[in-house]
Undergrad: 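What follows is a structure written as structure tokens; I'll ask about it next.
Atoms considered below: every heavy atom in the structure, side chains included; atoms not considered: hydrogens, waters and symmetry mates. Both ligands and their constituent atoms are indexed starting at 1 by order of listing.
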Amino acid sequence: MIETNKSLLPYHTFGAKVNAKYFTIAKSSDELSQIISENLTNQFMVIGGGSNVLFTKDYEGLIIKNEIKGFEVIDETDSTVTLKIGAGENWHDTVMKTVEHGWQGIENLALIPGTVGASPIQNIGAYGVEVKDVIQEVEVLDYSNFTIKTYSTSQCQFGYRNSIFKNELKGKVSVLSITIKLNKDWSFNTSYGAINDELSKNPELDITPLRVANVIIDIRNAKLPDPKEIGNCGSFFKNPVLSNEIANRILEEYPNAPHYPVGELTTKIPAGWLIETTGWKGRSKGNVGTYPKQALVLVNNGGATGEEAWDLAMTIQKDVYNKFSIKIEPEVNIV
Ligand SMILES: Cc1cc2nc3c(=O)[nH]c(=O)nc-3n(C[C@H](O)[C@H](O)[C@H](O)COP(=O)(O)OP(=O)(O)OC[C@H]3O[C@@H](n4cnc5c(N)ncnc54)[C@H](O)[C@@H]3O)c2cc1C
């Protein structure tokens, strides 16, 4: 069923009051295929949980919410388990299901909002782990001939918050499922100090995937706003990866600036630090502001429009550029 003039308030996390001219839900790949084939020449967009989109105005086309479910063990050995998971499954619930089974691999990605199907789009990542580390295949519906195609990890061209689905396949395919391989033999990525600090509070307890996930949940709850309470779409900007020369220029002036080498020639400087140093942490403009505990997150203080958020984002981008000569780019999909 296609609904008209549907409020998108329950379908995205920023909480802007916007409507879609048309709206529908697809619960199977056949349903999705039929809806898209009938609307291919019209404007349409597939969404999951709406946690990485900012609607700046009413959407004049068809929003299709992907609710294709499924959680299937397709292979299991003594040391690994391979799962095929439907695009419409909730990402965090999926993480918790895997850690409760004692399977290791995605525990560091606990509490990331949204769906399984969106996870490969920007190669979600947190605390030293990216979804590409476990992905074996991504199954998509190809709109050019309405067949199902499978992309291997290397074909997905994963990068930092990037993949082929954000580039040459944007608007040409929909993710139907992902296949991931997890471990039964554990080896954890606890490279982020905060994870080790938490784990070392109870050295007598075994480190299990469930325990690591719970530590991540506590760390995230302490520093990120819950979209159910404060509208937001997560990190608004990507962390810029700079040439060492530019990074060193910043470090000469700000020796304590956080920075992480990326390969031999480049360095990542957190966008949150750049925004904070520009004086924007915890500040608001109209109904939008930056979150006091994390300047990288733009928050809806109540009644904000997407346009206001975009306007603030552009102001912040300009101020960061004026101070550091670095252009920070949005991570969020602006619609
Ligand atoms: C509080 C908060 C914390 C966050 N923390 C992190 C974090 O730590 N790491 C991180 O990487 N991200 C983070 N995010 C961003 C976001 O959660 C992820 O990008 C997530 O994968 C988006 O999922 P979604 O289902 O909500 O996607 P949506 O917002 O619905 O869609 C995002 C994009 O993907 C496309 N898309 C969605 N589903 C499909 C599909 N099935 N097929 C094809 N295209 C599709 C949409 O068209 C859109 O362009 C955070 C967001 C919030 C609000």
Undergrad: Quick check for students: name every N or O atom pair between ligand 1 and the protein closer than 3.5 Å, with distances.
TA:
unit_1, atom_1, unit_2, atom_2, d
ligand 1, 5 (N), R220, NH2, 2.8
ligand 1, 8 (O), R220, NH1, 2.9
ligand 1, 8 (O), R220, NH2, 3.4
ligand 1, 9 (N), G125, O, 2.8
ligand 1, 11 (O), Q122, NE2, 3.2
ligand 1, 11 (O), G125, N, 3.1
ligand 1, 11 (O), R161, NE, 3.4
ligand 1, 12 (N), Q122, NE2, 3.2
ligand 1, 17 (O), S51, OG, 3.0
ligand 1, 17 (O), P113, O, 2.9
ligand 1, 19 (O), N52, ND2, 3.3
ligand 1, 19 (O), Q122, NE2, 2.8
ligand 1, 25 (O), G49, N, 2.8
ligand 1, 25 (O), T115, N, 2.9
ligand 1, 25 (O), T115, OG1, 2.7
ligand 1, 26 (O), G49, N, 3.2
ligand 1, 26 (O), G50, N, 3.0
ligand 1, 26 (O), S51, N, 2.8
ligand 1, 26 (O), S51, OG, 2.7
ligand 1, 29 (O), S51, N, 3.0
ligand 1, 29 (O), N52, N, 2.8
ligand 1, 30 (O), G48, N, 2.7
ligand 1, 30 (O), G49, N, 3.4
ligand 1, 30 (O), G50, N, 2.8
ligand 1, 41 (N), N66, ND2, 3.4
ligand 1, 41 (N), V175, O, 3.2
ligand 1, 42 (N), V175, N, 2.8
ligand 1, 47 (O), V46, O, 2.7

Undergrad: Examine K6 relative to Y22 and say whether NZ or CZ is less than 6.0 Å from the centre of the six-membered ring and inside a 45° cone about the ring axis.
TA: no

Undergrad: A cation-pi test, strictly: NZ or CZ of K223 under 6.0 Å from the centre of the six-membered ring of Y291 and no more than 45 degrees from its axis. Yes or no?
TA: no

Undergrad: Please determine whether salt bridge (charged side-chain N to carboxylate O under 4.0 Å, His left out) holds for the pair K285 and D311, giving the CA-CA distance in whole Å, both sets of side-chain angles, and the decisive distance to 0.1 Å.
TA: CA-CA 9 Å; K285 190 177 171 194; D311 182 58; 3.1 Å; yes

Undergrad: Which Ile, Leu, Val, Met, Phe, Trp or Tyr residues join M45 in one cluster when any pair of side-chain heavy atoms under 4.5 Å counts as a link?
TA: L8, Y11, V18, F23, I25, I47, V53, F55, Y59, I63, V335

Undergrad: Taking only residues two or more places apart in sequence or in another chain, which ones pass side chain to side chain contact (heavy atoms under 4.5 Å, CB included) with H92?
TA: N90, M96, A110, L111, I217

Undergrad: Tell me who clusters with Y260, hydrophobic residues only, linked when side chains sit under 4.5 Å apart either directly or through other members.
TA: none

